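All remarks here apply to the structure that follows.
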There are 2 protein chains.
Amino acid sequence: MFREHGFEGASLSLLGARTGLGKGSLYHAFPGGKVEMAEAVLDAIEAWFETRIYAPLREGADPHAAIRRMLRETDAYFRSGGRICLVGAFALTEGRDRFGDRIGRYFAVWCDSLADALHRSGVGTREAAELAEEAIAAIQGGLVLARATRDSATFGRILVRLEGRLIPAGTGAAR
Amino acid sequence: MFREHGFEGASLSLLGARTGLGKGSLYHAFPGGKVEMAEAVLDAIEAWFETRIYAPLREGADPHAAIRRMLRETDAYFRSGGRICLVGAFALTEGRDRFGDRIGRYFAVWCDSLADALHRSGVGTREAAELAEEAIAAIQGGLVLARATRDSATFGRILVRLEGRLIPAGTGAAR
DNA sequence: GTCTATAAAGCGATAGAC
DNA sequence: GTCTATCGCTTTATAGAC
């Protein structure tokens with residue numbers, strides 16, 4: 001609901017209707033109200049990315065395989081651009097001030113984990129950091145563009161081109 | 001105000017305080033209320049980009065110079081990432097349904113104009129279209145990342161790397 | 001053209017019955 | 001643990017004085 005309506009747009013009435021719970025029940029589970037609900041969502045997102053994307057990037061024996069896995073998981077998670085990134089949307093709007101620490105951490109850890117994998121694949125430290133930053137920006141921008149143009153093919157094209165930059169042809173194991 | 005607070009966040013009270021006008025005056029100028037105000041803002045943005053960025057891309061005699069101008073104007077307009085893109089923010093949130101046509105046009109015209117310049121600089125038609133799409137995504141993603149990390153250097157780095165991809169070294173006139 | 005006053009609706013949040 | 005009823009506040013929007 002936060003992803004579809006934004007933090008302010010996801011009213012307690014909508015949240016109640018969607019969960020099938022009354023306001024009393026929602027406040028029983030989340031005494032901190034809507035802010036606490038959003039924090040729980042952001043924590044769940046962070047845990048998902050840590051397990052499925054960040055950890056494999058840092059710990060995978062084959063960095064190129066980990067990067068390809070990241071691109072595959074990313075495409076699936078965002079439904080090929082049909083779904084936006086809640087953290088990115090919060091970063092651009094109201095949520096930035098309220099959830100700034102979680103938003104900053106989401107992108108910082110992603111960048112650092114990807115830079116780590118790139119470095120282990122043979123890229124220099126500084127170039128790895130810049131390339132990682134460029135990759136995260138490409139993904140976030142691809143989501144904006146896909147959503148704006150309503151073109152379901154946009155996000156896929158962006159990811160394919162991104163893979164070409166992260167894993168130059170002729171490098172590492174065959175796909 | 002829409003850029004800083006979002007469409008829903010920019011309440012008539014805030015808009016009145018910032019403009020120094022009462023609600024009656026605001027409704028006198030914009031009978032359609034907040035929606036009409038946002039449409040006027042989006043129209044002004046579209047006109048600005050058309051004049052300063054899109055038209056030069058399509059009509060400039062030197063396509064590389066037009067692309068460099070686009071990057072320079074973009075950096076200035078978004079204050080090196082200190083300012084976000086209202087159209088991109090609307091695309092990710094509530095505004096998408098209300099202003100979908102204007103949002104779609106903003107990105108479509110930008111992509112087409114840039115692809116036109118790239119094509120005239122010697123890039124193949126299809127590659128020009130994909131490269132343009134990649135560039136707009138890099139800019140939008142760079143804004144998301146800059147805003148999320150609060151790092152004022154992020155956006156500049158993204159634009160520098162982008163220029164390297166749009167204007168490969170050794171191509172065209174010297175900078 | 002700008003203002004104040006007000007209407008009607010929705011918001012987040014709370015209280016208390018069950 | 002879930003519900004209904006309600007509080008206090010803010011929202012968009014309108015009416016009408018000046």
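A, B, ... follow the sequence lines: proteins, then strands. Residue 1 opens every chain. On a predicted model such as this, the values are computed, not experimentally measured, just so you know.
In this structure, A:Glu36 and A:Phe30 approach most closely via the heavy-atom pair OE1-C, 3.7 Å. Smallest separation of non-hydrogen atoms from A:Arg98 and A:Val35: CD-CG2, 3.8 Å.
Comment: A:Glu127 engages B:Arg161 in a salt bridge, judged by a side-chain N to carboxylate O separation of less than 4.0 angstrom. Look at A:Arg102 and A:Asp43 and you find a salt bridge, because one of the NZ, NE, NH1 or NH2 atoms lies within 4.0 Å of a carboxylate O, short of that distance. Salt bridge annotation for A:Arg72-A:Glu163: absent, with no cationic side-chain nitrogen under 4.0 angstrom from a carboxylate oxygen.
Listed in residue order, the members of residues 25-43 of chain B having a heavy atom less than 4.0 Å from DNA chain C are B:Ser25, B:His28.
Residue A:Lys23 contributes atom NZ, which lies 11 Å from atom C1' of C:dT14 at whole-angstrom precision. Atom-to-atom, CG of A:Leu15 to C1' of C:dA13 comes out at 14 Å; the value is rounded to the nearest Å. Rounded to an integer number of Å, the gap from A:His5 NE2 to C:dC11 P is 11 Å.
Between A:Tyr54 and A:Trp110, the ring planes are tilted. Angles from 30° to 60° get that label. Using cut-offs of 30° and 60° for the angle between ring planes, the A:Tyr77 and A:Phe49 rings count as perpendicular. Note on ring orientation: taking the six-membered ring where Trp is involved, the planes of B:Phe78 and B:Phe155 are perpendicular (angle over 60°, cut-offs 30° and 60°).
Across all strands shown, B:Gly20 has heavy atoms under 4.0 Å from sugar-phosphate atoms exclusively, and none from any base.
A:Ser13 has no side-chain polar atom (N or O) that falls below the 4.0 Å cut-off from OP1 or OP2 of C:dG10.
Note that the first and last nucleotides of DNA chain D, 5' to 3', having any atom under 4.0 angstrom from a heavy atom of chain B are D:dT11 to D:dT14.
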